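Down below is the structure, laid out as structure tokens.
Values below: every heavy atom of this structure, side chains too, minus hydrogens, waters and symmetry copies. By convention here, the first residue in the shown sequence is residue 1. In this text the structure is predicted, and so the values were computed from the model without any measurement.
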Amino acid sequence: MWIYTWQELVWMTVAAIALDWLIGDPKWPTHPVIIIGRWIRWVEDRLHPKKVVITTIPVDRHSKWLHMKGVLLTLSTITLSFAVVLVLVHFANDIHPWLGYAVSTWLISTTVAIKGLKDAAYLVYNPLRTGNLADARKYTGYIVGRDTDALHEEELTRAVVETVAENIVDAVIAPLFYALIGGAPLAMLYRASNTLDSMVGYRNDRYRHFGTASARWDDALNWIPARLTGILLILVALAKPGLSAPRAAAAIRRFAQLHPSPNSGIPESAVAGALGIELGGLNVYGGAASERARLGWPLRPRTQRDIVNAVSMLYGVSYLVMGGLLCVVLIF
């Protein structure tokens, strides 16, 4: 039995951040998140098939039954993700400690998506910069669930900035937080939880009961990381010219609780406040309009440059985390 020291966990996390900066998500080997996604879909197809099944079970009992199936999906996914990574790391460490470090570092890096977020944002920004709204709409549709066919530049910008801001928690701070506590196995457990939420954690007719456990579990895991992210975004705004740290802090206090998520409102409000723009508003999903809470103050119109600024804040947060971890491990 081996247990990594806190210094080893810090160094592996630092190396994972650097690895993600450099290469992001490679096409090979098959990304662990893709494997987790396939598992979720496989279990879902068996527990909650899309084919309509006629049942005589009362509605209340049927809802509770779907909820229990959702609990089973959540427990099986996070347990299997944790256990498989734990075995892999143990096996690598038994061969040689440095192989264990390498495997752990790579696995942690797959739970982080700093470069991936930047690349996705710039897939929209680059067409916008050249006036190619068709491609900008297409690539925005890859990262958001709303209808994008009729969006103009300001709304495309809003969609991308909201995605980058929200995912500073999901794709950066939360996986790093759990990696520092429990190494690659716990970081992968978090990534599995977040993948569950992104696949079944919806409030529509299909997932309202089946996806409840996944959504609530993801909310619980993100509670501390989201609030840490809010602090880090304020610090980034303090350090970067043109951004407002006081306004970021005020936006969190004023707007974060308006968001339907107990966590996502914090980074979105902070970014909106720092940039001096308004996020949220009218979205359309499958032709149906939905009004989202408006976050921040519309001190100026949104422009494509806000995508660059949001990505800059994303990287600023990762620099702060890297610098803080290096200071801690080198001093202590």
Note to self: Could you check whether any side-chain heavy atom of Thr110 comes within less than 4.5 Å of a side-chain heavy atom of Met188, counting everything from C-beta outward?
What the structure shows: yes
Notebook entry, point to check: Hey, what do you get for OG1 (Thr212) to CE (Met68), rounding to the nearest 0.5 Å?
Noted result: 12.5 Å
Item checked: Joint hydrophobic cluster, Tyr190 plus Leu196, side-chain heavy atoms closer than 4.5 Å -> yes
Item checked: Close side-chain approach of Ile307 to Leu128, heavy-atom, < 4.5 Å -> yes
Notebook entry, point to check: What residues, two or more places apart in sequence or in another chain, satisfy ring pair (Phe, Tyr, Trp, His ring centres under 6.0 Å) together with Trp39?
Noted result: Trp42
Notebook entry, point to check: Would you call Asp20-Lys118 a salt bridge at under 4.0 Å N-O?
Noted result: no
Notebook entry, point to check: Quick check: does any side chain N or O of Arg206 sit under 3.5 Å from a backbone N or O of His48, one acting as donor and the other as acceptor?
Noted result: yes
Checklist line | For the student: nearest non-hydrogen atoms of Leu232 and Leu320, plus distance | finding: O-CD1, 3.7 Å
Item checked: Where at least one partner belongs to residues 184-205, residue pairs that pass salt bridge (charged side-chain N to carboxylate O under 4.0 Å, His left out), sequence neighbours excluded -> Asp205-Arg208
Notebook entry, point to check: How long is the span from the OG1 atom in Thr140 to the CG atom in Leu123, to the nearest 0.5 Å?
Noted result: 9.5 Å
Notebook entry, point to check: Rounded to the nearest 0.5 Å, what separation is found between the CE atom of Met12 and the CG atom of Leu180?
Noted result: 9.5 Å
Notebook entry, point to check: Looking at OG of Ser214 and CD1 of Ile40, how far apart are the two atoms once the value is rounded to the nearest 0.5 Å?
Noted result: 7.0 Å
Notebook entry, point to check: Would Asp218 and Asn263 satisfy side-chain contact (heavy atoms from CB on, under 4.5 Å), going step by step from the backbone distance to the final call?
Noted result: CA-CA 10 Å; Asp218 184 68; Asn263 302 310; over 6 Å; no
Notebook entry, point to check: Can you list the steps and then say if Trp6 with Val328 is a side-chain contact (heavy atoms from CB on, under 4.5 Å)?
Noted result: CA-CA 11 Å; Trp6 71 266; Val328 168; 3.7 Å; yes
Next item on the list: Using modelled atom types only, decide if a donor and an acceptor are shared between the side chain of Thr13 and the backbone of Leu9 within a distance under 3.5 Å.
Entry: yes
Next item on the list: Side-chain contact test, heavy atoms from C-beta onward, threshold under 4.5 Å: evaluate it for Asp306 versus Val271 and give yes or no.
Entry: no
Next item on the list: Using the rule that two of Ile, Leu, Val, Met, Phe, Trp, Tyr join whenever any of their side-chain heavy atoms come within less than 4.5 Å, decide whether Val329 and Ile181 are in one cluster.
Entry: yes
Note to self: If you apply the rule side-chain contact (heavy atoms from CB on, under 4.5 Å), what do you find for Met313 with Val161, and how did you get there?
What the structure shows: CA-CA 11 Å; Met313 294 186 75; Val161 172; over 6 Å; no
Next item on the list: Any chance you could measure Asn194, atom CG, to Leu221, atom CG, to the nearest 0.5 Å?
Entry: 9.0 Å
Notebook entry, point to check: So which heavy atom on Met322 is nearest to which on Val14, and how close?
Noted result: SD-CG1, 3.2 Å
Margin query: Please give me the minimum heavy-atom distance between Gly281 and Arg158, naming the atom from each residue.
Written below: N-NH1, 3.8 Å
Note to self: Does Leu75, at its CG atom, have more than 12 non-hydrogen atoms belonging to other residues, nucleotides or ligands within less than 6.0 Å?
What the structure shows: yes
Check: Is the closest side-chain heavy-atom distance between Val317 and Leu233 below 4.5 Å?
Finding: yes
Check: Can you check whether Val89's main-chain N or O pairs, donor with acceptor, with Asn93's side chain at less than 3.5 Å?
Finding: no
Note to self: Evaluate Glu44 against Tyr207 for side-chain contact (heavy atoms from CB on, under 4.5 Å), listing each step before the verdict.
What the structure shows: CA-CA 11 Å; Glu44 179 190 357; Tyr207 293 117; 2.6 Å; yes
Notebook entry, point to check: Quick check: does any side chain N or O of Thr77 sit under 3.5 Å from a backbone N or O of Thr74, one acting as donor and the other as acceptor?
Noted result: no
Next item on the list: Decide whether Val311 and Leu176 are clustered together by the hydrophobic rule: side chain heavy atoms of Ile, Leu, Val, Met, Phe, Trp, Tyr closer than 4.5 Å, transitively.
Entry: yes
Margin query: With a 4.5 Å cut-off on side-chain heavy atoms, are Arg305 and Tyr125 touching?
Written below: yes
Notebook entry, point to check: Are any side-chain N or O atoms of Ser104 and backbone N or O atoms of Tyr101, one a donor and one an acceptor, separated by less than 3.5 Å?
Noted result: no
Note to self: I'd like to check Arg294 versus Leu258 (side-chain heavy atoms, cut-off strictly below 4.5 Å). Are they in contact?
What the structure shows: no
Item checked: Sub-4.5 Å side-chain heavy-atom contact between Arg38 and Ile34 -> yes
Next item on the list: Measure from the side-chain N and O atoms of Ser81 to the backbone N and O of Ile78, and report whether any donor-acceptor pair falls under 3.5 Å.
Entry: no
Margin query: Ignoring hydrogens, what is the shortest heavy-atom contact between Val200 and Phe210? Give both atom names and the distance.
Written below: CG1-CE2, 4.4 Å
Check: Are Tyr285 and Met199 connected, step by step, through hydrophobic side chains (Ile, Leu, Val, Met, Phe, Trp, Tyr) whose heavy atoms are closer than 4.5 Å?
Finding: no
Next item on the list: Heavy atoms only: give me the nearest Pro127-Tyr139 pair and the separation to one decimal.
Entry: CG-CD1, 4.3 Å
Next item on the list: Spell out, as yes or no, whether a donor-acceptor pair under 3.5 Å connects the side chain of Arg247 to the backbone of Gly273.
Entry: yes
Checklist line | His259 side chain near Arg292 side chain, heavy-atom distance below 4.5 Å | finding: yes
Notebook entry, point to check: Any salt bridge between Arg302 and Glu155, counting N to O under 4.0 Å?
Noted result: yes
Check: Mind checking whether Tyr142 and Leu314 sit in one hydrophobic cluster, side chains of I, L, V, M, F, W, Y counted as touching below 4.5 Å?
Finding: yes
Check: Under the 4.5 Å side-chain heavy-atom rule for ILVMFWY, direct or indirect, which residues accompany Ile252?
Finding: Ile234, Ile266
Next item on the list: Keeping the roles fixed (side chain from Thr148, backbone from Arg137), state whether a donor-acceptor pair exists under 3.5 Å.
Entry: yes
Notebook entry, point to check: Any donor and acceptor pair, going by atom type alone, linking the side chain of Asp147 with main-chain N or O of Gly287 inside 3.5 Å?
Noted result: yes
Margin query: Let me confirm one number: the CH2-CG distance from Trp223 to Leu228, rounded to the nearest 0.5 Å.
Written below: 9.5 Å
Check: Which atom names give the shortest non-hydrogen contact between Pro225 and Ile173, and what distance separates them?
Finding: O-CG2, 3.7 Å
